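Taking it in order: structure first as C-alpha cells, then the write-up.
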Amino acid sequence: MPLFGYARVSTRDQDLALQVSELMAANCAKVFKEKASGAKTDRPELAKVIRRLEPGDVLVVTRLDRLARSTRDLLNVLDEISQRGAGFRSLKDTWADTTTPHGKLMLTVLGGLAEFERSLIAARTGEGRKRAQDRGVRFGRPRKLTAHQRDEALQRIAAGETQADIARLLNVSPPTISRLAAASPFAHVAGGL
C-alpha cells in the first residue's frame with residue numbers, strides 16, 4: 001500500500017525539514033509540503049494529496065495537529081480520505097490509524113462524541129434563544145424605523161403621499177416603506193399607491 005506524507009507548518013519562518021524526514025523514514029513515497037495555518041480550510045497541497053489518493057493508499061502525518069485544527073475539521077478530512085478508499089495514519093498519535101480495527105474504532109468514537117457535542121450545543125442554543133424571546137429579546141436586524149416613524153409613514157400613505165416621498169423623508173429605502181405598507185392592516189388603503 002503506497003504511503004503519501006503531508007507536512008505542514010503554520011508560518012513561513014517555520015521549517016518543514018523535521019516532519020519531512022520523519023515521513024520519509026516512515027517509507028512515504030512522496031511528501032506534500034505546505035506552509036499555511038491549520039485554521040485555513042483552503043490548503044492546496046492537502047487538497048492535492050487527497051485527490052491523488054486511490055483505494056488502498058494511506059495518508060501519513062507526523063501529528064494530528066498537522067492535518068487539522070479542530071475535531072470537526074479532522075473528521076471532515078478523514079471522511080474525504082475514506083471516500084477515496086484510502087487510509088490515514090498519524091505517526092505520533094498511534095491511536096489515529098484507520099488501517100487498523102482499533103484505529104477505526106477510536107476515530108468512530110471520536111466522530112460520535114463530536115456529533116453528540118454538536119447536538120448538545122444546538123439544544124442549549126435553542127433553549128437560550130427561547131428564553132431570550134420569552135424575555136422580549138428580538139433577533140435579527142434592528143428595525144429601520146421607530147414605532148413613531150412607522151405610524152407617521154402609515155398616516156402619510158393613508159393621506160395619499162407616495163411611498164418614494166415618504167422613504168426620502170424618513171431616510172430609508174422605498175422597499176422599507178413598501179414592506180411596512182404591505183404588513184399594515186390598512187394595506188388595502190395603500191394598495192393603489
Side-chain angles (χ1 to χ4, degrees), residues 1-133 137-142 173:
M1 71 181 135
L3 304 178
F4 294 97
Y6 175 70
R8 182 190 62 78
V9 290
S10 298
T11 66
R12 300 244 176 250
D13 298 336
Q14 292 176 314
D15 188 15
L16 289 161
L18 180 60
Q19 288 180 61
V20 171
S21 66
E22 288 177 8
L23 292 167
M24 294 305 281
N27 296 321
C28 290
K30 179 169 172 57
V31 176
F32 292 77
K33 301 174 276 239
E34 193 145 53
K35 290 192 176 189
S37 169
K40 285 178 60 177
T41 54
D42 178 30
R43 288 171 276 167
E45 289 299 308
L46 178 59
K48 189 187 296 182
V49 69
I50 290 174
R51 279 193 309 270
R52 181 169 178 168
L53 294 173
E54 296 179 0
D57 291 348
V58 178
L59 178 63
V60 182
V61 295
T62 55
R63 292 191 330 254
L64 279 178
D65 67 347
R66 300 299 88 204
L67 185 67
R69 213 19 107 74
S70 68
T71 304
R72 180 75 256 151
D73 184 32
L74 174 65
L75 294 173
N76 288 340
V77 172
L78 292 178
D79 185 54
E80 282 185 71
I81 294 168
S82 171
Q83 287 178 17
R84 300 195 71 78
F88 169 76
R89 182 181 315 153
S90 170
L91 299 177
K92 302 257 170 51
D93 308 291
T94 54
W95 58 269
D97 182 350
T98 65
T99 65
T100 69
H102 289 96
K104 283 181 186 172
L105 172 65
M106 288 300 294
L107 290 168
T108 301
V109 169
L110 182 64
L113 289 172
E115 185 68 33
F116 177 67
E117 180 184 14
R118 273 192 307 282
S119 65
L120 287 178
I121 289 169
R124 284 194 304 264
T125 302
E127 291 166 1
R129 286 180 67 86
K130 173 86 173 82
R131 283 193 305 274
Q133 285 173 330
V137 173
R138 273 185 34 89
F139 292 95
R141 290 175 56 174
S173 67

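All values derive from a computational prediction rather than experimental measurement. Heavy-atom basis, side chains included; hydrogens, waters and symmetry copies ignored.
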Considering all heavy atoms of both residues, which atom of [X] and which atom of [Y] are nearest to each other, and what is their separation?
X   : Y   : value
A26 : L3  : O-CD1, 3.2 Å
C28 : V31 : CB-CG2, 4.2 Å
R51 : R84 : O-NH2, 2.7 Å
L67 : R43 : O-NH1, 2.7 Å
E34 : Y6  : OE1-OH, 2.6 Å
K33 : E45 : O-CG, 3.1 Å

Subject >> Atom pair CG (L64) and CG (D73), whose distance is rounded to the nearest 0.5 Å >> reply: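 The CG atom of D73 is 11.0 Å from CG of L64, to the nearest 0.5 Å.
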**OP:** Any chance you could measure W95, atom CH2, to T100, atom OG1, to the nearest 0.5 Å?
**Re:**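 Atom-to-atom, W95:CH2 and T100:OG1 are 11.5 Å apart.
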Less than 4.5 Å apart, any side-chain heavy atom of [X] and any of [Y]?
X   : Y   : result
V9  : Q19 : yes
R89 : L59 : no
T62 : L23 : yes
K48 : R52 : no
V58 : F4  : no

For [Y], is there any backbone N or O sitting under 3.5 Å from a side-chain donor or acceptor partner on [X]?
X   : Y   : value
S82 : L78 : no
D97 : T94 : no
R8  : D65 : yes
T98 : F88 : yes

Subject >> Worked check of side-chain hydrogen bond (donor to acceptor under 3.5 Å, both in side chains) between E80 and N76 >> reply: CA-CA 6 Å; E80 282 185 71; N76 288 340; over 6 Å; no
Subject >> Step-by-step salt bridge (charged side-chain N to carboxylate O under 4.0 Å, His left out) determination, R66 to D93 >> reply: CA-CA 11 Å; R66 300 299 88 204; D93 308 291; over 6 Å; no
**OP:** List the steps, then state whether side chain to side chain contact (heavy atoms under 4.5 Å, CB included) holds for Q133 with V137.
**Re:** CA-CA 5 Å; Q133 285 173 330; V137 173; 6.0 Å; no
Original post:
Does R129 count as lying over the ring of F139, i.e. NZ or CZ under 6.0 Å from the six-ring centre, within 45 degrees of the axis?
Top reply: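 Geometry flag: set, cation within 6.0 Å and 45°.
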Original post:
Can you list the steps and then say if V61 with L91 is a side chain to side chain contact (heavy atoms under 4.5 Å, CB included)?
Top reply: CA-CA 6 Å; V61 295; L91 299 177; over 6 Å; no
